[in-house]
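A note on names: the letters A, B, ... follow the listed sequences, proteins ahead of strands, and every chain is numbered from 1.
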There are 2 protein chains.
Amino acid sequence: MQLRDESSLPYYEQLVLRVKQQIVQGILQPGDRLPSVRDMARQEQLNPNTVSKAYKQLETQQVIMTIRGKGTYVRDTTTSGNNTAQITASKRRLLTLLTEIRYLGVPASDVIAWIKTAYEEED
Amino acid sequence: MQLRDESSLPYYEQLVLRVKQQIVQGILQPGDRLPSVRDMARQEQLNPNTVSKAYKQLETQQVIMTIRGKGTYVRDTTTSGNNTAQITASKRRLLTLLTEIRYLGVPASDVIAWIKTAYEEED
DNA sequence: TCGAGTGTACTGTGTATAATAGTACACACA
DNA sequence: TGTGTGTACTATTATACACAGTACACTCGA
């Protein structure tokens, strides 16, 4: 995996993002088991608490499922209904970023090309 | 203007963004004078130091021009050459956000529609 | 020349977040 | 029972943000 750096996001946020990305890419599938908090911490040179924080957030977001004393597993993709709030929040963040990008003189066509490339890169 | 909240960005970052947005929208034009640090602080209910931090960043980014003892003015739009690094950084941030958005199940077409709308909303 | 207004710099203070360290507990399972 | 699991807790360190207050050098009009 290798975290560290990457856009100055907190480590636990980076980890959350990685897991989601691997799910989107099919590397992680529903039912798959994630490394234990301690193993992941050893792999990523992080503190177990930091990994635990990431797992906790992923559980809150219904991405993974936790069984005490057993492990953490990727959930069935319930990417169905009630994430409207999350989508709205993400959209707002995107539009904020877009203000910056527009100021830099990047045309809409370029941004759209980025989007398309990113979406094609997977599945 | 009214800052406070809006995506949990720091106040000074919000202020930086607003100024850029107003430039893009033509509300602020090259040569226009920004409110003094103290006036802006009074308007926005902020500490003068916070406003100063925003102005300082805007000056570093060549957005405004500062004349000691006189005021701060919007620069001639030198949105020409050397912002490649800034564009690259923004693109990376956008792709990071996109990972999240894709996980939420938002199709590319929706994202592209957001982009188009945002670009049309101005000028 | 003087004084008001300008941006800037500096030292603090308080708060919040991130990441670490260390310890302990309840649980699952062979 | 013992090992491994997630979790909870306290404590420490570092950083960023926002504020308060003060001071300085500059511009410019009265």
Side-chain angles (χ1 to χ4, degrees), chain A residues 1-19 28 30-75 89 93 96 100, chain B residues 1-19 28 30-75 89 93 96 100:
Chain A
M1 268 207 174
Q2 298 177 351
L3 297 176
R4 308 279 169 187
D5 288 335
E6 175 180 352
S7 75
S8 75
L9 277 179
Y11 295 151
Y12 78 95
E13 290 279 9
Q14 292 180 40
L15 190 50
V16 165
L17 210 61
R18 289 277 180 103
V19 172
L28 283 176
D32 283 357
R33 186 170 177 281
L34 290 179
S36 79
V37 167
R38 294 170 180 81
D39 281 350
M40 180 68 89
R42 214 174 305 117
Q43 286 177 34
E44 304 299 333
Q45 307 262 56
L46 294 177
N47 189 285
N49 288 331
T50 305
V51 178
S52 180
K53 189 171 182 179
Y55 281 13
K56 200 175 165 187
Q57 180 167 321
L58 284 167
E59 236 233 312
T60 303
Q61 297 179 355
Q62 313 265 42
V63 177
I64 62 177
M65 199 178 55
T66 275
I67 304 179
R68 296 255 297 190
K70 205 174 175 204
T72 62
Y73 301 85
V74 177
R75 268 205 160 191
R93 280 196 290 165
T96 299
E100 178 74 24
Chain B
M1 266 204 175
Q2 300 176 352
L3 297 176
R4 307 282 167 185
D5 289 333
E6 173 181 351
S7 76
S8 75
L9 280 178
Y11 295 152
Y12 79 96
E13 290 279 11
Q14 292 181 38
L15 190 50
V16 165
L17 211 61
R18 290 277 179 104
V19 171
L28 283 176
D32 282 356
R33 186 171 178 279
L34 290 178
S36 79
V37 166
R38 293 169 179 82
D39 280 351
M40 180 70 88
R42 215 174 305 119
Q43 283 177 37
E44 304 299 335
Q45 306 264 54
L46 294 176
N47 189 285
N49 288 330
T50 305
V51 178
S52 180
K53 190 171 181 179
Y55 281 13
K56 198 175 165 186
Q57 181 168 320
L58 284 167
E59 234 234 312
T60 303
Q61 297 178 353
Q62 312 265 45
V63 177
I64 60 177
M65 197 180 55
T66 274
I67 304 178
R68 297 255 295 190
K70 207 172 173 206
T72 63
Y73 301 85
V74 178
R75 268 206 162 192
R93 281 195 290 163
T96 299
E100 177 74 26

**Student:** In whole Å, what is the span from the CE atom of A:M65 to the P atom of D:dT5?
**Tutor:** 17 Å
**Student:** Among D:dC17, D:dT7, D:dT5, which is the nearest nucleotide to the side chain of B:P10?
**Tutor:** D:dC17
**Student:** Rounded to the nearest 0.5 Å, what separates atom OH in A:Y73 from atom CZ in A:R33?
**Tutor:**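 Spacing of OH (A:Y73) from CZ (A:R33) equals 5.0 Å.
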**Student:** With side-chain contact (heavy atoms from CB on, under 4.5 Å) as the criterion, how do A:I64 and A:Y55 come out once you've worked through the C-alpha distance, each side chain's angles and the decisive distance to 0.1 Å?
**Tutor:** CA-CA 8 Å; A:I64 62 177; A:Y55 281 13; 4.1 Å; yes
**Student:** Quick one, give me the B/S/- string for nucleotides 24-30 of chain D, reading 5' to 3', where B means a protein heavy atom under 4.0 Å from the base and S means that only happens at the primed atoms, P, OP1 or OP2.
**Tutor:** -SBBS--
**Student:** Is A:K53 near enough to C:dA18 that one of its side-chain N or O atoms lies under 4.0 angstrom from OP1 or OP2?
**Tutor:**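 A:K53 to C:dA18 OP1/OP2: side-chain N or O found under 4.0 Å.
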**Student:** When the distance from CZ of B:R42 to C1' of D:dC19 is rounded to whole Å, what number comes out?
**Tutor:**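 In whole Å, D:dC19 C1' and B:R42 CZ are 17 Å from each other.
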**Student:** Applying side-chain contact (heavy atoms from CB on, under 4.5 Å) to A:T72 and A:V37, what does each step give before you reach the verdict?
**Tutor:** CA-CA 9 Å; A:T72 62; A:V37 167; 5.9 Å; no
**Student:** Testing B:L15, B:V19, B:V16 one by one against B:Q57 for a side-chain contact (heavy atoms from CB on, under 4.5 Å), which residue passes?
**Tutor:**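 For B:Q57, the side-chain contact (heavy atoms from CB on, under 4.5 Å) test succeeds with only one of B:L15, B:V19, B:V16, which is B:V16.
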**Student:** Given C:dG7, D:dC19, D:dC17, which nucleotide is nearest the side-chain atoms of B:T50?
**Tutor:**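 Looking only at heavy atoms from C-beta outward on B:T50, the closest nucleotide is D:dC19.
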**Student:** Nearest nucleotide by nearest heavy atom, which residue falls closer to the 5' end of DNA chain C, B:Y55 or B:N49?
**Tutor:**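 Result: B:Y55.
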**Student:** Test side-chain contact (heavy atoms from CB on, under 4.5 Å) on B:L46 and B:M40; report intermediate values, then the result.
**Tutor:** CA-CA 8 Å; B:L46 294 176; B:M40 180 70 88; over 6 Å; no
**Student:** Quickly work out the A:E59 CD to D:dT5 P distance and round it to whole Å.
**Tutor:**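 From A:E59 CD to D:dT5 P: 17 Å.
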**Student:** Using the rule given for side-chain contact (heavy atoms from CB on, under 4.5 Å), can you reason through B:E44 versus B:Y11, listing the C-alpha separation, both sets of side-chain angles and the distance that settles it, and then say yes or no?
**Tutor:** CA-CA 10 Å; B:E44 304 299 335; B:Y11 295 152; over 6 Å; no
**Student:** As a test of reading the structure: which of D:dC19, C:dA21, D:dC17 is closest to the side chain of B:N47, going by heavy atoms?
**Tutor:** D:dC19
**Student:** What's the spacing between B:L28 CG and B:R75 CZ if we round to 0.5 Å?
**Tutor:** 16.0 Å
**Student:** Could you tell me the separation between the CD atom of B:E13 and the C1' atom of D:dA16, rounded to a whole number of Å?
**Tutor:**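 About 11 Å, once rounded to whole Å.
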**Student:** Write down the distance between CG (A:L9) and C1' (C:dA19), rounded to a whole number of angstrom.
**Tutor:** 15 Å
**Student:** Please determine if a side-chain N or O atom of A:Y12 lies less than 4.0 Å away from the OP1 or OP2 oxygen of C:dA18.
**Tutor:**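 True: A:Y12 side-chain N/O within range (under 4.0 Å) of C:dA18 OP1/OP2.
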**Student:** In whole angstrom, give the distance that lies between atom CD of B:Q14 and atom C1' of D:dC17.
**Tutor:**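 Computing the B:Q14:CD to D:dC17:C1' distance gives 12 Å.
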**Student:** Quick one: A:Y73 OH to D:dG6 P, roughly how many Å, whole number?
**Tutor:**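 Distance check: A:Y73 OH to D:dG6 P gives 9 Å.
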**Student:** With a 4.0 Å cut-off on heavy atoms, is A:T66 in touch with a base, just the backbone sugar-phosphate, or nothing at all?
**Tutor:**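 It contacts sugar-phosphate atoms only.
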**Student:** What's the CD-P distance between B:Q57 and D:dA18, to the nearest Å?
**Tutor:** 11 Å
